[in-house]
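Quick notes on the structure that follows.
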Amino acid sequence: MTVQIDHALEEIRRFRPSPEFAANAVADTSLAEAAEADRLGFWADQSRELLTWSKPFTKTLDWSNPPFAKWFEDGELNVAVNCLDRHVEAGNGDRVALHWVGEPGDTRDITYAELTDEVKRAANVLTELGVGSGDRVAIYLPMIPEAVVSMLAVARIGAIHSVVFGGFSADSLASRIDDAEASLVITADGGYRKGKVFPLKPVVDEAITKSVAGSVRNVLVVRRGENEVAWNDHDLWWHDTVGTASNEHEAAGFEAEHPLFILYTSGTTGKPKGILHTSGGYLTQAAFTHRNVFDLHPETDVYWCTADVGWITGHSYVVYGPLANGATQVLYEGTPDTPHPGRWWEIIEQYKVSILYTAPTAIRSFMKLGRQIPHEFNLRSLRLLGSVGEPINPEAWIWYRHVIGGGSIPVVDTWWQTETGAIMISALPGITDLKPGSAQVAIPGISIDILSDDGTSVEGEGGGLLVVTEPWPSMLRGIWGDPERFKETYWEKFGDKYFAGDGARRDADGDIWLLGRVDDVMNVSGHRLSTAEIESSLVAHPWTAEAAVVGAADETTGQAVVAFVILKASQAERVTDVQAASDELRKHVATQIGAIARPRQVFIVNELPKTRSGKIMRRLLRDLAEGRDIGDTTTLADTSIMQTISDQVK
Ligand code: PRX
């Protein structure tokens, strides 16, 4: 494993919090002091303060059987009640929970009281359909309020949701339905994207045909796209069922370790991992970080996280964190540039958004379009900006702070993962001096270290592999159905320290700089993709003999998928148009996995660089894809091969 040191580390700018911001900041230095004095006591206090437990817990952590942690084990709570009913009971039922904006321009403002009602109705329908505690429900929806309602209704009855991003293909959906043996799928006829309706129901129909588990009993369909859909016996309309159901629903308390959701993410092998999160610890850390990292003042702030609920950011920072904290937020269905490139800024102006949380890839795309577009809108309501998903380069950080934030408001870069469930490393606004490009410090109650490959801790300044040294409340509890893979992937390398798969460096001030993945996982537009998964998709095409995939640096998306493919001999003779063959293979990956996995380039080559033992040297292919001089080729079985490949690529 090699860790590359980035030029960004030369960054020396520092930004002090303004006295006005610091004076009203939610977080204060007592948090870190309390966590240092008594880490478990700190989390127990946070959990009691932030959540409502139907049965109080007396035990904070059981780590007697690592890596299987139990937090707040003997307590009971209902996650949906924590996100909804208790705010209504506290007199905040009229507060807007969701300012929803549809891509075509339709809008809905939904209060906490209305959202609670809708979730109760949906919970009643799920129960009528035979979904019970512990059953799995797949959710394949666009960014419409029903996505939030579905997740909370599933949580309310103690079932487990598996949200699948609406951009995934029928194959990807089918494999996720099968792995979790979902009994119900919640979908929509379609959703809006880039001014058009993209159909979802046909993808579900195809996925169910392809499913081998045969577990799906019903499909609940929200009407959104108004497009024609084929109808099966097991299909039900949302408006016919949820729309007419009773809004009386008594919620039971569930044990703190009751499973809440499974979310699939790419690993180093071809098969996505079903990351399992449970209730009490997850909600504690989601709520704590949402409140303190985003400086949430729920009575006055309008918060907007641009992530889709199909990703972990949407789970923790659209649904669970903000709603547990009683926040008012914007939920937007569409793409940033529809119908015009200022759409996001228009929404911020219209709803007076005060906290914006988005990804560096979006910021870089806006930078390319120029500052005149955001400058056409009034963005003065913004008072805090957040970034997530990949390292934010200092240039983008500065642009974000100046052009979007007006030059003086905090920008927090938050490092975390699907597996960590919630933010782990971030500046605390109002306290930390900000450093563009660095995620900075572990949040209070979280223990991070950087280790050398042999497991020794890197003291002071230096680089290595990022680990979490102590269990944390929102940690994954396992990989669905595969405890061995859970142990192997995260815990084998460094014993009871969690290996995150990221390279990192600590600077002289003790701030942490993330340096990207050290395994075969790519990060494209803040989304995780596995080289192995895309390679197996390419090899499944009848034309392909062999394939190698690398993540190459890309100005906008961080990394881009670049594939090198050897065609089968029979095919190679027939292919006269290399461009057409490459396009066909790109399309194939998009159809098999989803559009996010479509390679930026597919190069048809005659050879791949291999060591004497037959291992493909992806490092050399990455050099080529990034236009660098080819590195050391001495371990190749045939050292002239890179020249041949390079000539072909050109
Ligand atoms: O490599 C890190 C990168 O994204 C990976 C986690 O991806 P995922 O599980 O899809 O979750 C993304 C949203 C939380 C990490 O292993 N990553 C995430 N945030 C940052 C980051 N890299 C650098 N800086 C960040 N702020």
Side-chain angles (χ1 to χ4, degrees), residues 1 3-4 6 8-9 163 165 167-168 261-268 272-277 282 285-286 289-290 293 305-318 320-321 357-364 385-394 396-397 400 411-427 434-443 448 465-468 474-476 479 489-490 498-505 511-530 533 551 557-559 596-597:
M1 285 177 195
V3 174
Q4 283 182 4
D6 202 64
L9 294 173
V163 183
F165 173 60
F168 276 119
F261 66 83
I262 306 168
L263 184 59
Y264 288 84
T265 188
S266 299
T268 48
K273 306 176 276 200
I275 303 299
L276 177 70
H277 282 286
Y282 169 79
Q285 198 174 327
T289 49
H290 181 258
V293 173
C305 166
T306 63
D308 191 285
V309 291
W311 309 109
I312 191 68
T313 309
H315 282 61
S316 305
Y317 299 106
V318 174
Y320 293 110
Y357 190 32
T358 192
T361 187
I363 300 163
R364 289 192 297 263
L385 302 171
S387 172
V388 62
E390 51 177 315
I392 176 163
N393 47 312
W397 194 102
Y400 195 26
V411 176
V412 288
D413 174 14
T414 61
W415 178 88
W416 58 295
Q417 309 176 297
T418 306
E419 291 88 340
T420 69
I423 294 169
M424 303 289 278
I425 304 178
S426 170
L434 302 170
K435 203 182 273 185
S438 164
Q440 302 202 272
V441 285
I443 61 154
I448 297 280
L465 304 169
L466 189 77
V467 293
V468 188
S474 64
M475 67 194 286
L476 75 164
I479 295 178
T489 313
Y490 307 105
Y498 170 85
F499 172 50
D502 277 5
R505 193 174 190 285
D511 283 321
I512 295 171
W513 298 75
L514 277 308
L515 305 171
R517 301 288 306 188
V518 294
D519 51 14
D520 290 327
V521 171
M522 296 170 286
N523 188 327
V524 178
S525 299
H527 299 314
R528 252 159 88 167
L529 296 171
S530 136
E533 193 181 356
T557 58
Q559 284 189 312
I596 44 163

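All ligand and atom numbering here is 1-based and tracks the order in the structure.
Taking the six-membered ring for Trp, Tyr264 and Phe168 have ring centres at least 6.0 Å apart.
With Ile596 as the partner, the side chain to side chain contact (heavy atoms under 4.5 Å, CB included) test is satisfied by one option alone out of Val524, Thr557, Leu529: Leu529.
Side-chain atoms of Glu419 never come within 3.5 Å of backbone atoms of Leu476 as a donor-acceptor pair (strictly under, hydrogens ignored).
Closer than 4.0 angstrom to ligand 1 sit non-hydrogen atoms from Ile312, Thr313, Val388, Gly389, Glu390, Pro391, Asp413, Thr414, Trp415, Trp416, Gln417, Thr418, Asp502, Leu514, Arg517, Asn523, Arg528.
Between His277 and Phe261, the two ring planes are tilted [angle within 30° to 60°].
In this structure, the side-chain hydrogen bond (donor to acceptor under 3.5 Å, both in side chains) partners of Thr306, at least two apart in sequence or on a different chain, are Thr358.
If you check the side chains of Tyr357 and Thr414, you find a donor sitting under 3.5 Å from an acceptor.
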